[in-house]
Each structure stands twice: as C-alpha cells, then as structure tokens.
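Here is the structure we will look at.
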Amino acid sequence: MAIEIVPTGAALGAEIRGLDLRLDLDVESIDIVKRAWRDHLVLSIRDQDISDADLVRFSEYFGRLRLAPLGEARMRGRSRSPDGYPEVAIISNVIRDGLPIGSLGNAEAIWHTDMSYIEEPIMGAILYALEVPRSGGDTGFANMYLAYETLPDELRSTLEGRVCLHDGSLNSAGFPRQGYEEVTDVTRTPGARHPLFRTHPETGRPALFLGRRRNAYIPGLVVEESEALLDAVWAHATQSAFTWRHRWRVGDLLMWDNRAVLHRRDAFDDGERRVMHRTQIEGDRPYYERA
Ligand code: OGA
Ligand code: MN
C-alpha cells in the first residue's frame, strides 16, 4: 500500500493515507511518518479501527510513552486510563457512576501546550477518536514556528532571553488538577519555568513556546507588565493565519508535535458523548539557542 501525504493547505497539518494501524509498520513507513510529522507538525490518519494495544504500539514508534497524567480532581479515585493501559489517558465528557471517565468534560479547552507545567514536557501526543459528538468538539492547532518568525521586533527583543512560569493548577478546560493549590498570585504560580523561545531539538528551528495563558507570569517583571506582554504575545500566536482545525470522525487519529504547536478544542453539547484515547510521548527540557 503506497503512503500518501496530503497537506491541509493551511499553516500546518497533513493527512497521511494508506496506513492500517492494526498492523506493524515497517521501518520505511515509520520513517515516512516521522518525516511528515516533523514537516507538518500535526498529522491525521483517518478511518482506523484500532485497540488500545494498537494505539500504544503505534505511539511507541516515536519514543517512550509517559503514563497518563493524574487527571482532574473531580475524577477522585477513578482511574484515568482504560484497564491494563496506564499509558493511555481518556479524554471524555462521559460520566459513569457519578464520576467522569476521563478529562476535559464538554467545555471549551483553551489554547495550550500539553503538560508544559512539568520540567520535561511531552514531545507529542496522539489522540484517537472512539465516539464523537454530531457537532462541536473540533480541535484546533497553531504553528509556533510561524508565530516566532513573525513576531514584531519590539516584542521579540523584549521577550528574548526571558522565561515564563507555566501553571500546573488548572487544566485547559479550567478544572483543578490533582495535587495543586489554587493560584491567587501569579508570581507564585506552581509549575515549571521554560524559555519563551524554544529551539526545536530535531529541526534546530526556533519556536514560540507558550503553555497556557491562565496564571502565566514572566519572572522579573511587575505583574501588570507581564500581563500586557503575555496578552500581546498570545494574541499574536493564536491569530487564525497560523491555525488549522480538525473536524472529527470516529476512527480518526491525530498526532501533534507539542514542541512547536498550540492546540485547543471547541465546546460541545453535554448531551452528546465524546470519547478519545490519548498517548503521550516523553520529551526533553526546553532550551533556546539564540540564532
Ligand atoms: C488533549 C487535548 C483536545 C481534544 O488531549 O491534550 O487537548 O480535542 N485534547 O480532546
Ligand atoms: Mn491538550
């Protein structure tokens, strides 16, 4: 079966055709997917019918998997993974026996980078759709190489060499995360510090590296100045020219390079079910080498 790569025509993203992820991929095919991922940042592979074991096997072609993150406080003792697959995280609005079976509910998930509140954020995530709502719940992506390259000079020189504090207390849907205290003062936001510009370890290209707007803070600045700068840089980074959105069908698999894209998700009707299984691939500590 010939593998075909079909770019979206937008600022990022491509569809890969001709793969059946129930089967092992040969090294050549894996190489094609890796190169396409590096070039297009987000890949979609449609019309799949895979198990968690298939999802894990495919994901492991790209690196070591990280166990599913702790999840939301409201999940209380409920496992955040399907039985036997602690490396698979469930993203869902479905409630069973009074508790969510997964994270993020049905609300909008605001623009974010996955797990940037830890020291070594994941390099990528792979999301597979088992059930999707009839409308809503689209996932959007934004190209942070482009955001970096088009930054106005003044903003670039102000941010050059600075770090940002990445909040771990709230997830992208605004739910508190297990194990973090509520933030009342952004200068004390709990979470990792990362450079605002990041050199991509595979391509060597610089990208803008943002986590979540909420509770973010640029150490060394007074809060008002940090807020104004962050508002400006976020408005720049998420302009529609840098984005592409995916309308889901059951059997779609999407993978994003978490080092050079932001993503978000639309809200959807809570009367509908959305069930996604996700793996997360270990990454490195972000660094920046001045070009
Ligand atoms: C995620 C995420 C978006 C979606 O899994 O990290 O942001 O569309 N999901 O479910
Ligand atoms: Mn996410």
Side-chain angles (χ1 to χ4, degrees), residues 12-13 41-46 52 55-56 59 62 65-72 75 80-82 85 87-94 100-118 121-144 166-175 177-178 191-192 209-214 216 237-238 243-270 272-283:
L12 73 171
L41 299 174
V42 183
L43 299 179
S44 70
I45 305 175
R46 313 199 80 171
D52 288 314
L55 175 61
V56 166
S59 302
F62 309 100
L65 301 192
R66 189 179 172 92
L67 297 189
L70 269 185
E72 295 163 7
M75 290 174 76
R80 61 228 192 250
S81 304
Y85 292 93
E87 59 279 80
V88 176
I90 303 173
I91 311 295
S92 183
N93 66 319
V94 172
I101 64 165
S103 302
L104 298 185
N106 71 310
E108 176 183 352
I110 56 169
W111 285 111
H112 66 282
T113 298
D114 285 333
M115 300 176 78
S116 67
Y117 49 91
I118 63 174
I122 57 172
M123 68 80 105
I126 302 184
L127 189 62
Y128 177 66
L130 293 143
E131 296 184 54
V132 300
R134 278 170 296 187
S135 67
D138 295 4
T139 306
F141 298 91
N143 183 332
M144 292 300 105
H166 289 236
D167 179 33
S169 72
L170 295 175
N171 71 14
S172 53
F175 295 111
R177 235 185 230 108
Q178 293 182 41
F209 190 63
L210 302 172
R212 282 173 183 73
R213 175 63 189 89
R214 254 179 220 146
T238 56
T243 69
W244 166 72
R245 66 160 51 215
H246 181 72
R247 168 96 209 103
W248 290 91
R249 294 196 308 238
V250 169
D252 285 349
L253 176 143
L254 244 70
M255 47 205 284
W256 57 89
D257 187 331
N258 196 50
R259 301 164 295 193
V261 304
L262 287 173
H263 61 282
R264 63 173 296 281
R265 184 197 71 190
D266 290 337
F268 57 96
D269 181 351
D270 210 12
E272 303 259 338
R273 290 167 60 98
R274 189 176 190 267
V275 182
M276 323 287 272
H277 283 191
R278 192 192 77 178
T279 54
Q280 39 286 314
I281 302 161
E282 293 277 14

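For ligands, and for the atoms within them, numbers begin at 1 and follow the listed sequence.
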Test side-chain hydrogen bond (donor to acceptor under 3.5 Å, both in side chains) applied to His246 and Thr139, Asp252, Asp138, the passing residue: Asp252
Hey, could you give me the CG/CE distance between Leu210 and Met144, rounded to the nearest 0.5 Å? 6.5 Å
Positive for side-chain contact (heavy atoms from CB on, under 4.5 Å) with Ile90, one of Ser103, Pro82, Pro100, Ser81: Pro82
Restricting to ring-ring contact (aromatic ring centres under 6.0 Å, His included), what partner residues turn up for Tyr128, sequence neighbours left out? none
Flag side-chain contact, heavy atom, 4.5 Å: Leu67 against Glu87: yes
Under the rule for ring-ring contact (aromatic ring centres under 6.0 Å, His included), what residues qualify as partners of Phe175, not counting sequence neighbours? none
Can you tell me how the ring of Trp244 sits relative to the ring of Phe141, calling it parallel under 30°, perpendicular over 60° and tilted otherwise? parallel
Who's touching ligand 1 if we go heavy atoms under 4.0 Å? Ile91, Leu104, His112, Asp114, Leu127, Thr139, Trp256, His263, Arg265, Arg274, Arg278
If I compare all heavy atoms of Gly140 with all of Trp111, which pair ends up nearest, and what's the gap? O-CZ3, 3.7 Å
Protein N/O/S atoms closer than 2.8 Å to the Mn ion (ligand 2) number 3
Apply ring pair (Phe, Tyr, Trp, His ring centres under 6.0 Å) to residues Tyr117 and His112 and explain how you reach the verdict. CA-CA 11 Å; Tyr117 49 91; His112 66 282; over 10 Å; no
